[in-house]
Every structure is written in C-alpha cells, then in structure tokens.
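Beneath this line is the structure, given in structure tokens, with notes to follow.
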Amino acid sequence: MKKNELNKEMQSALQDKGLDKKEVQNVLVEDARTGLDVETLKKAILNNLFYVQGKYPEIATRNDYYMALAYTVRDRLLQRWVASVKQYLEGKHRIVSYLSAEYLLGPHLGNNLVNLGIYKEAEQALHEMGLNLDWLIEKEIEPGLGNGGLGRLAACYMDSLATLEVPAIGYGIRYQFGIFEQDIRDGWQVEDTDNWLRRGNPWEIARREISYDIKLGGYVQHYMDRDGKFRTIWTPDLIVKGVAYDTPIVGYKVNTTNTLRLWKSEAPNSFDFQSFNSGDYSNAVNQKIICENISKVLYPNDETRSGKVLRLQQQYFFVSCSLQDMIGIHLRQGERIEDFQTTFAVQLNDTHPAVAIAEMMRLLVDEYDLEWVDAWRVTTRTFAYTNHTLLPEALEKWDMELFASVLPRHLEIIQEINRRFLDEVTVRVYGDQEKISSLSIIGEGPRRYIKMANLACAGSFAINGVAALHTELLKQTVLKDWYALSPEKFSNKTNGVTPRRWMVLSNPKLTELISSKIGENWIKHLDELKNLEKFADDPEFLQQWMDVKLEMKTQLAQRIVNRTNIKVDPESIFDIQVKRIHEYKRQHLNILHVITLYNRIKQNPEAEIVPRTFVFAGKAAPGYKQAKLIIKLINSVGEIVNKDPDVKGRLKVVFYPNYNVTNAQKIYPAADLSEQISTAGKEASGTGNMKLSLNGALTIGTLDGANVEIRECVGEENFFLFGLTAEEVENTKSDGYNPFHFYENNPNLKLALDQISNGYFSHLDDTIFKDLINSLLYDDQFMVLADYQSYVDCQDQVAEAFKDKVKWARMSILNVARMGKFSSDRSIREYCDEIWKVKSVPVTLNGTSSK
Ligand SMILES: *Cc1c(COP(=O)(O)O)cnc(C)c1O
C-alpha cells in the first residue's frame with residue numbers, strides 16, 4: 001500500500017472512531033515521531049533533516065544524515081522516557097542511584113536501534129533512501145567519559161537496569177574532554193585531546209532548570225542559636241553551579257527508559273557582578289573559567305590515584321549535585337527526610353564518590369537539622385560500596401590539609417564520624433592498637449591523610465568485590481579488619497557485560513547464527529546459550545561457526561591494514577590482548593613470547609610455526625613511564641618481526657591505536673585467543689575476558705579475577721591455564737623472589753631480554769628499554785620472569801590445538817554455550833535482590849510493556 005493511501009485509510013479509520021479532523025491530524029503527527037515502521041522512519045528522517053539540520057537531500061552531508069537519524073531515534077526514546085518517569089513518580093518505588101565518576105558508554109546510535117528493536121527497519125529505511133546505516137553509525141564520536149573497565153561496567157549496568165525494568169538513575173560528570181585520543185608516532189604513544197562535543201550531542205538534553213549550587217573552600221564557624229541548638233556556617237570562597245544533562249538509557253525491547261544524569265560545572269547566575277561593576281573584568285572572567293574547569297577533563301589515570309585538588313573538587317561536585325537532586329525528588333514525593341533510604345539505594349562505584357557519605361551527613365545535619373544519630377542512621381541505610389581494586393597505588397587517600405582546603409566542613413564531619421566509630425571499635429577489638437589504626441578513617445604519619453575506602457566501609461550497609469577471588473582476597477587482605485568487624489556487610493557480585501552491545505550490536509553474524517539454532521531468548525536470558533551445546537558436534541553448524549569467525553577476522557584485517565599499513569593473514573591465529581597498558585596486566589610477558597617464537601624461526605627458519613597475528617591495543621596513562629615504554633617495545637618488536645624475510649609472514653605484530661569502545665566492538669568478534677595474563681591476585685575481575693569469550697575466543701590466562709569463574713564455567717579442557725596462583729605469588733615473594741635467577745637459568749628468556757637490552761629491536765639503541773629491563777631483572781613485582789616458561793609452554797599447546805580447526809571450533813562453541821553467567825543482567829539481578837532490595841516496575845505504553 002502506498003503511503004498516501006495508508007494515511008487516508010488511517011484517517012477514515014480514526015474518523016470512524018469518532019475523532020474529529022483536528023484530533024486525527026494530531027494522532028498522525030504523533031505517529032510520525034513515534035512510529036517504528038520503515039515508512040514512518042523514512043518520513044521522520046527527512047523531516048528531521050529539514051527541520052533540525054535545515055538541509056535537503058541534495059546538499060546534506062553524512063553528518064547531517066547522522067543527526068537526522070539520531071533525532072529520529074531520540075524522539076522514540078523520549079516517548080518511552082516520559083512514560084517511565086511518569087510511572088515511577090505515580091507509585092512508591094525504591095530507585096537505584098548509581099554514583100560513578102566514569103561512564104564509558106560507547107556510541108549510542110546502533111545500541112539504541114538494537115534496544116528499540118528497529119535496527120533492521122532503520123537499515124531498510126536508509127537503504128530505500130540510498131543511504132547506508134553502517135556509514136552513519138561510524139560517524140558518531142563516542143563519549144569516552146571513562147578510563148577502562150570501571151567506567152565500562154557502569155555503562156553495562158545502566159543497560160541491564162533498564163532492560164530488567166528497574167527504576168534507576170546514573171549520576172556522573174559531563175566531562176567536556178573525555179579520555180585522550182591515542183596516536184602512535186615512531187612507535188611511541190602521543191596523546192591528543194578528546195573534543196567529543198565538537199559536533200554537538202543529539203543524545204543529551206540540557207536541563208537548565210535542574211541545577212544546584214556547590215560550595216568549595218573557605219572556612220567554618222560554629223555558634224549556638226536562640227533555641228540553644230549547635231549550628232554551623234560554612235562560608236565558601238567559591239560557589240559553582242552544577243547543571244544537569246540527561247541522556248535516556250532504553251532497555252532491550254522494553255519501554256523502560258532510565259536517566260543518566262551528568263553534571264556540568266558553570267559559574268552561578270549571580271556571578272561576581274561586583275568584579276564586573278568595579279571594572280575588574282579579567283578577574284570576573286578568571287572566576288568563570290575556574291568554575292568551568294571542574295567538569296573540563298577526565299583524569300586519565302587508570303588504577304592510580306592522583307591526589308590533585310581538581311580531582312577532589314570533581315568528586316565532591318558531582319556527588320553534592322546528585323544528593324541534592326535525590327533529596328529533592330524524595331521530598332517532592334511528600335516523604336520525610338528521615339525516610340530518604342526508602343526512596344533511594346545509592347551504590348558507590350569505587351571510592352571516587354565516597355565523599356557522598358560526608359556530604360549526606362552535612363546535608364542532613366547542617367541543612368535539614370537532623371540530629372547526628374538520626375542522620376547517621378539514614379546515611380548507613382542508604383549507601384553500598386563496590387571495591388574495584390587490590391592494588392595499593394589505587395586506594396584513594398587525601399592529604400588532610402589539601403582536603404581541608406577544599407572541604408573544610410567535611411573534614412570536621414569525617415573527624416566526628418571517625419571519633420564515634422573508633423569509640424565503638426575500641427571496645428569491639430579490646431583496644432588492639434594495630435586494628436584500631438587500620439580501621440581508622442584518618443591515617444597518621446608525617447602527614448595525616450583520609451582513607452576513602454575506610455570512609456566508604458564505615459558509611460555503607462553493604463560492601464562487595466567484583467569477582468569471587470577478588471572478594472575473598474579483600475576479606476583476607478585490604479579489608480581484613482572490616483570483615484572481622486562486620487562480616488554480614490560483605491558479599492561478592494561478579495561483574496558481567498551486556499550481550500546487547502557486546503554480541504547483538506558488535507557481532508550480528510554470530511548473533512544470527514546462534515538465534516537460528518536456539519531462538520532469540522538468550523539475548524535477555526544469557527543462560528540459554530547452554531542450548532548451543534547440543535550443536536557442538538553438528539558439522540554444518542561447526543562450518544557456519546568457522547565461517548562467521550573467518551569473516552570477522554577478514555573485516556578486522558581490512559581495518560588493520562587501513563589503520564597501520566600492516567597486512568595480516570585472516571587464516572592465522574588472532575591472538576589478542578586489548579586493555580589498558582599496565583605492568584600488572586603484563587603486555588610485556590606477551591611480547592616476550594613473540595620474541596621467543598621469532599627466535600625459534602631465526603634459529604631454524606624451517607621450524608614449524610603455526611601462523612599468528614598478535615594484536616595489541618590499549619592506552620597508557622600519560623604519566624606512566626613503564627607503560628609507555630611497553631607500547632614502544634611492542635612497536636619496536638613488530639617493526640623487526642613483520643619485515644624479516646625469514647619469518648615469511650608467519651608472525652605479525654600489530655598495535656592498533658586508540659583503543660576505545662568503538663574499536664573494541666570491531667576487535668572482540670575477530671579474536672581466536674583472548675590474552676588474560678595478569679599477575680594472579682592483581683586483576684579484580686576483568687570484563688574484557690568475558691566479552692572476548694562470548695565472541696568465541698578461547699582464553700589463555702592465569703587464575704586471576706573472573707578468569708577463575710570463566711574457567712569453572714567453560715570447563716578446564718577449554719581454557720589454557722598457566723602461571724602462579726595468587727597464593728603462590730605471595731609465597732614466592734615472601735621466600736625472597738629473585739628474578740635474575742630465572743634470567744640466568746633460562747636461555748630463551750635470557751636471549752629475549754638481552755636482545756631488548758642490546759638494541760636488536762631498536763636500531764642498536766641500547767638505552768631506550770633500560771628502565772624496563774632493569775625493573776624486570778631486579779624488581780619484577782609482577783612475576784613476569786617467574787611465569788615466562790609456564791606461559792610459553794601453554795602457548796605451544798594453543799598452537800597445537802589450533803592446528804585442528806574443527807576441534808578448535810568445537811571448543812569455541814562449548815565456550816560460548818557455557819558463558820551465560822557473565823551477563824550484566826545476572827550481576828544486576830544479584831545487586832537488586834541482595835543489596836538494593838528493589839523490584840522491577842514494568843512501564844506501559846499504549847497498553848503494553850514491551851515491543
Ligand atoms: C571492556 C573494556 C575494558 C576493560 O577491559 P579489561 O580487559 O577487563 O581490562 C577497557 N576498555 C574498553 C574500551 C572496554 O570495552
């Protein structure tokens with residue numbers, strides 16, 4: 001039926017229902033903004049091209065079409081968003097509030113099309129308009145508002161909360177510049193700013209009317225009021241305004257659309273007119289810049305603390321805006337402030353937002369006049385804390401003087417929390433000074449400091465780790481005394497990833513193949529992947545499985561040659577290590593294996609070598625020297641290996657620049673082998689391990705983080721295990737680990753390290769890698785040399801297994817079939833049931849709750 005006929009038909013059908021002409025017109029206009037069929041989408045895209053971009057097809061650019069499509073999708077989100085907000089406010093539901101300084105969302109367009117269930121329709125609509133959806137999707141600049149795993153976890157959790165129809169708000173910071181862009185020049189990392197907003201952001205709505213004033217610095221005075229009540233006045237030396245920017249987060253094939261509310265800092269409206277009036281224009285402008293600086297840039301340190309004033313200001317800024325916002329929502333519901341915890345369960349994503357505990361106390365005691373004990377009761381029933389790291393250098397500490405200069409009132413509050421807390425503890429531990437000082441929120445020393453993890457533990461009703469091993473190690477080491485004090489607060493919540501972005505969107509071919517066998521239910525109920533097991537010996541399915549993998553490898557090979565000029569063989573093993581560059585993640589152990597294979601070829605050019613492509617990607621923190629040196633080493637080794645004629649193309653080493661969500665989505669589906677080789681006891685969970693495995697890669701890994709649980713699920717026969725266990729690492733260290741001994745006694749290891757040292761890979765420059773080699777030979781905190789031989793032996797088993805392609809494919813299928821546990825839906829269900837005590841609230845639209 002032609003569009004006009006359809007319209008006419010609808011018109012008369014609607015008029016039959018007794019609607020007058022004007023009402024009919026309204027319904028049709030409404031339909032143009034909400035309809036999900038191909039015809040309506042085409043109409044809407046052209047409409048937005050005209051009315052939003054001010055263009056017509058003959059002069060529209062690719063970006064114009066991207067924007068027109070983005071607004072078309074946004075209209076459909078807004079309808080669901082409004083319905084969700086309405087439904088939440090009508091009933092009395094506990095809302096999850098997720099506080100995170102980082103959200104590594106990735107591009108929105110494709111994901112929203114998947115979740116709205118209109119990917120195919122949009123593809124068709126654009127096709128009929130002579131356009132290509134992929135071409136528009138690639139136009140989007142991703143919001144890189146996070147460093148790595150922690151920020152990406154927050155994004156997966158927002159997707160699962162919406163998909164499980166749980167009322168939730170994510171709060172964070174709208175950084176004007178996200179994680180830097182990485183380029184590689186002469187083998188070295190160079191950083192460029194991430195100006196992600198330069199073409200505008202169609203996925204957010206600025207809520208100018210939702211803003212809060214945030215005080216910073218200054219001094220505190222105390223007095224007794226007329227009623228004899230003790231009062232506090234905090235006179236700041238700076239006030240900044242936080243403005244809400246909302247991004248709708250739609251669940252998969254449900255109406256539920258939650259809010260991600262990110263705060264931007266600005267100068268307050270009332271701003272320094274005095275300076276303007278007194279003619280001090282430049283001072284007034286300076287003050288404005290200081291305010292805007294707070295949400296200017298994301299700190300690019302992963303797993304290290306920074307201790308900078310601006311970082312503390314950022315943390316406090318977003319936490320205070322968020323709590324004021326939540327209190328407003330709670331009170332507008334007609335509730336009493338004392339019952340705040342019945343409206344919100346607030347999750348702290350690591351200690352970055354832990355100052356929320358002191359801020360909550362300040363708001364309740366200073367602003368809402370609650371007694372201390374009542375305020376403390378509310379606070380400790382509101383917050384729950386997720387720990388993400390065992391690395392001592394990542395545990396946040398604030399110098400007390402610095403803290404006081406930014407948050408003088410909060411220092412007083414923390415001291416009071418600590419005083420009361422230690423009073424209680426002293427009795428419980430019967431005066432054990434060591435335990436008392438380990439539990440104290442304030443650390444003593446040449447300079448006193450505030451321990452944010454201790455503040456988080458003291459102020460939360462629940463504490464969790466992110467993988468079974470991690471939670472056990474927390475209880476035994478960093479939080480040992482907390483566990484002894486309150487074991488009931490502790491639980492494990494193993495991380496998960498969303499199958500919507502990391503399978504359906506990024507690997508449509510594999511998704512289609514899986515669904516052709518077991519239906520589509522697995523997308524929401526990932527456990528159902530287990531139904532694939534019965535096809536693991538079906539020759540036709542095995543062939544299809546191998547075909548999909550080969551196609552994804554061929555596509556990645558094309559991207560690699562475009563980006564790096566390196567030609568790689570899609571038939572070779574795609575051996576992939578992509579994650580932030582860090583010594584504990586041991587990219588250098590991987591490169592030692594590359595060198596070892598290379599030396600085998602050099603020593604016997606006829607040696608049998610199963611062809612491999614080593615793909616590395618990941619950013620190093622700009623100030624992290626050893627990590628940057630590891631990137632240079634990878635590129636230097638690649639330069640020699642890739643062009644050596646003896647190698648005959650059997651080994652290729654690729655460093656794919658600028659690892660981010662966009663690139664991750666292209667890399668994971670092409671992996672045969674997933675490198676998860678951190679020093680046991682150092683990786684809290686990892687989620688890259690899950691994403692790779694769900695895309696059919698087999699894992700080579702240590703017993704670290706969630707690797708332990710992945711191996712339990714997929715079966716030890718489908719997992720390449722090597723290396724020391726966490727316990728063995730500790731024992732080896734306490735027995736006096738001597739890395740030099742391994743160097744002297746292992747000729748292959750010695751050769752590889754000597755080649756790096758003497759400049760074999762660096763045009764005979766024997767100085768570049770000195771620091772790296774010295775730290776391996778004389779310090780080696782991360783047990784690279786101790787694990788080397790075990791790793792190389794295990795890699796030989798990998799190569800042997802890969803020779804039998806059908807057997808490998810069978811292992812890959814079983815592996816995917818058994819990965820159902822690692823959906824973020826499962827993680828979120830556990831948080832909902834065991835920590836937050838929240839239930840789902842289906843959102844209805846036109847009488848139904850899902851597409
Ligand atoms: C999943 C992901 C990570 C985390 O990877 P790990 O291997 O768990 O460290 C980091 N960055 C991006 C872009 C990701 O998608």
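Values below: every heavy atom of this structure, side chains too, minus hydrogens, waters and symmetry copies.
Screening residues 660-677 for salt bridge (charged side-chain N to carboxylate O under 4.0 Å, His left out), with sequence neighbours left out, gives Lys553-Asp672. The ring pair (Phe, Tyr, Trp, His ring centres under 6.0 Å) contacts involving residues 654-690 comprise Trp502-Tyr668, where partners must be two or more places apart or lie in separate chains.
Two residues are said to be in side-chain contact when any heavy atoms from C-beta on lie closer than 4.5 Å; Leu589 and Phe722 meet this criterion.
Neither side chain, Gln676 nor Arg711, offers a donor N or O lying under 3.5 Å from an acceptor on the other. Between Asn748 and Gln789, the side chains place no donor N or O within less than 3.5 Å of an acceptor N or O (distance only, hydrogens not considered). Using modelled atom types and a 3.5 Å distance limit, the side chains of Ser693 and Lys691 yield no donor-acceptor pair. Between the side chains of Asn349 and Tyr98, a donor-acceptor pair is found at a separation under 3.5 Å.
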After noting the C-alpha distance and the side-chain angles of Phe740 and Tyr743, does the key distance pass the ring pair (Phe, Tyr, Trp, His ring centres under 6.0 Å) rule?
CA-CA 5 Å; Phe740 205 83; Tyr743 165 78; 5.2 Å; yes

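Contacts of Glu142 classified as side chain to side chain contact (heavy atoms under 4.5 Å, CB included), with partners at least two apart in sequence or in another chain: Leu104, Pro107, Asn660, Val661, Thr662. Shown here are the side chain to side chain contact (heavy atoms under 4.5 Å, CB included) partners of Glu444, two or more places apart in sequence or in another chain: Ile442, Arg448. The side chain to side chain contact (heavy atoms under 4.5 Å, CB included) check on Thr471 picks up Lys475, Asn492, with sequence neighbours excluded. For Ala467, the side chain to side chain contact (heavy atoms under 4.5 Å, CB included) test picks out His470, Ser685, Ala706, Glu709, with sequence neighbours left out.
Relative orientation of the Tyr831 and Trp836 rings is parallel, given thresholds of 30° and 60° on the angle between their planes.
Residue Glu717 places its CD atom among more than 12 non-hydrogen atoms of other residues, nucleotides or ligands, all under 6.0 Å distant.
Of the possible donor and acceptor atoms, one in the side chain of Ser790 sits under 3.5 Å from a partner among the backbone N and O of Gly723. Listed for the Thr351 side chain is no donor-acceptor partner under 3.5 Å among the backbone atoms of Ala354. A side-chain donor-acceptor contact under 3.5 Å links Ser827 to the backbone of Gly496. For the pair Arg580 (side chain) and Asn147 (backbone), a donor-acceptor distance under 3.5 Å is present.
Annotation: cation-pi pair Lys619/Phe180 present, NZ/CZ under 6.0 Å from the ring centroid and within 45° of its normal.
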